[in-house]
Amino acid sequence: MTHNFSPPLDLAFVRQQFPSLAGDWIFFDNAGGSQILKPVVDRITAFLYESNVQLGASYALSQRATERVAAGAQAMATLVNAADPAEVVLGPSTSALLRMLAQCFRPTLQPGDEIVVTNADHEANISPWVELERAGMVVKFWRVNPTTLELDLADLEALLTSKTRLVAVTHTSNVLGSIQPVRAIADLVHSHGALLCVDGVAFAPHRRVDVQALDVDFYTFSLYKVYGPHMALLYGKKELLLTLPGYNHYFIDDRAIPYKFQPGDSSYELSYSLTAITDYFTALGQHHGQPGEADPIDQAFALIQQHEAALNERLLSFLHSRPRVRVIGRDAADPTQRVSTISFVVEGVSSDQIPPRLDSHNIAIRYGHFYALRLIEALGLLPQQGVVRVSMVHYNTLEECDRLIEQLENLL
Ligand SMILES: Cc1ncc(COP(=O)(O)O)c(C=O)c1O
């Protein structure tokens, strides 16, 4: 995707969709959770007031509710370019969906089968796989190079064998912000006959996910970080979802996807509200583009990428100018290489000392390991309480970034 889109992102248009941005907070903890779009909230309310009945009955209101919930799944299929909405499983969180996936996998594995996980992932995409060791699986770690902070493809290749069944990897680390070459990883993993499960939580708020172009087998992310409600999605290739054992009652048909992976079903009102996320990206692209041009959602993400490049440049050039600061992630601001989640440590200063100093300025950032504990340990950063993380998204402005820099100037 290119980022030489000519018009700049219309931030007034963007920000008016998020009521919370009208207040006096600077939200720089977006990798923890983004602000929510007003139409998402409106649709939650609309569902509950207008169509709060059980799905699948013959009466008209039930059919209306069924259509609304189906529209949510269709919107998510459109967002990630899934071929079929049946490939989109909705659930309460990425952590819960990955635990479910690993449990469904379990009966298909033989003792001695191998699974590869990384030490750069959020624990959500590590523990559920590591716990399969108890069932006789061999778990191998693809480790980040502590000097370059990169996951090297050659290291993965050395771990793959004819017994590898699955590789679990992050698209973007929620600490490092680096974008992994998922398509190249998928090709390598598939050439060894294994499957690929990608955690896209730290990627999806920033760039368009295209599950077909990436050729991933499973891909998951949290919608409360993509301007939506507390919910998550798990994409799975149709033939895999059809053959995997389900996670639902014994009488639920094995071909009933995604329902066989949605015990108790997904929240109806939240599912319906997801339609407002794709509507937002579509409107954002259309607002800036010419009718008949590229897909408006792609245009929206091209604008987002371009705006993030400016945010990255502003903050990274400041951080690089401070001799005691070390950026924990790629140095380059290039938005094809990284998202605008920027972590750093300060020589001689424990990371827990910095965010509270910004609290009185209503600048919301945080420190810690962010559940990527293995990464923080591998980098030797636990004694200094992890990293300080500034996670910006497209609704953040350069002025907000400058206000942060002004405060950091006194501290770093
Ligand atoms: C990269 C990454 N993966 C997974 C998760 C877990 O997401 P959830 O809170 O939906 O379980 C997070 C949450 O911070 C994350 O940043």
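We count ligands from 1, going down the list as the structure has it; atoms in each ligand are counted the same way. Keep in mind it's a predicted model, so treat the numbers as computed, not measured.
- Taking all heavy atoms of M231, H230, K225 into account, the minimum distance to atom 14 (O) of ligand 1 is reached by K225.
- The nearest heavy-atom contact from the protein to atom 10 (O) of ligand 1 is S222 OG, 2.7 Å.
- With a heavy-atom cut-off of 4.0 Å, T94 touches ligand 1 through backbone and side chain alike.
- For atom 4 (C) of ligand 1, the nearest non-hydrogen atom of the protein is D199 OD2, 3.3 Å.
- Between the side chain of R143 and the main chain of D155, no donor-acceptor pair closer than 3.5 Å is present.
- Distances below 4.0 Å separate heavy atoms of S93 from the following atoms of ligand 1: 8 (P), 10 (O), 11 (O).
- By the criterion of a heavy-atom distance under 4.0 Å, the side chain of Y224, and not its backbone, is placed next to ligand 1.
- Here the two rings, on F18 and Y227, have centers that are under 6.0 Å apart.
- R338 contributes no side-chain N or O that, together with a main-chain N or O of I179, makes up a donor-acceptor pair within less than 3.5 Å.
- Inspection of the S273 and E269 side chains reveals no N or O donor paired with an N or O acceptor under 3.5 Å.
- Counting heavy atoms closer than 4.0 Å to ligand 1, residue A232 contributes nothing at all.
- Protein heavy atom at the shortest distance from atom 11 (O) of ligand 1 is S95 OG, 2.5 Å.
- Every N/O-N/O distance between T170 and ligand 1 stays at or above 3.5 Å.
- Remark: the backbone N or O of E308 is not paired with any side-chain donor or acceptor of S340 at under 3.5 angstrom.
- Among all protein heavy atoms, the one lying closest to atom 15 (C) of ligand 1 is H122 CD2, 3.2 Å.
- Ligand 1 has a nitrogen or oxygen under 3.5 angstrom from a nitrogen or oxygen of N174.
- Side-chain contact of S266 with S271: a donor-acceptor pair under 3.5 Å is present, judged by distance alone.
- Side-chain N or O atoms of K260 include one that pairs as donor or acceptor with a backbone N or O of D254 at under 3.5 Å.
- For N30 (side chain) and S391 (main-chain N/O), a donor-acceptor pair under 3.5 Å exists by modelled atom type.
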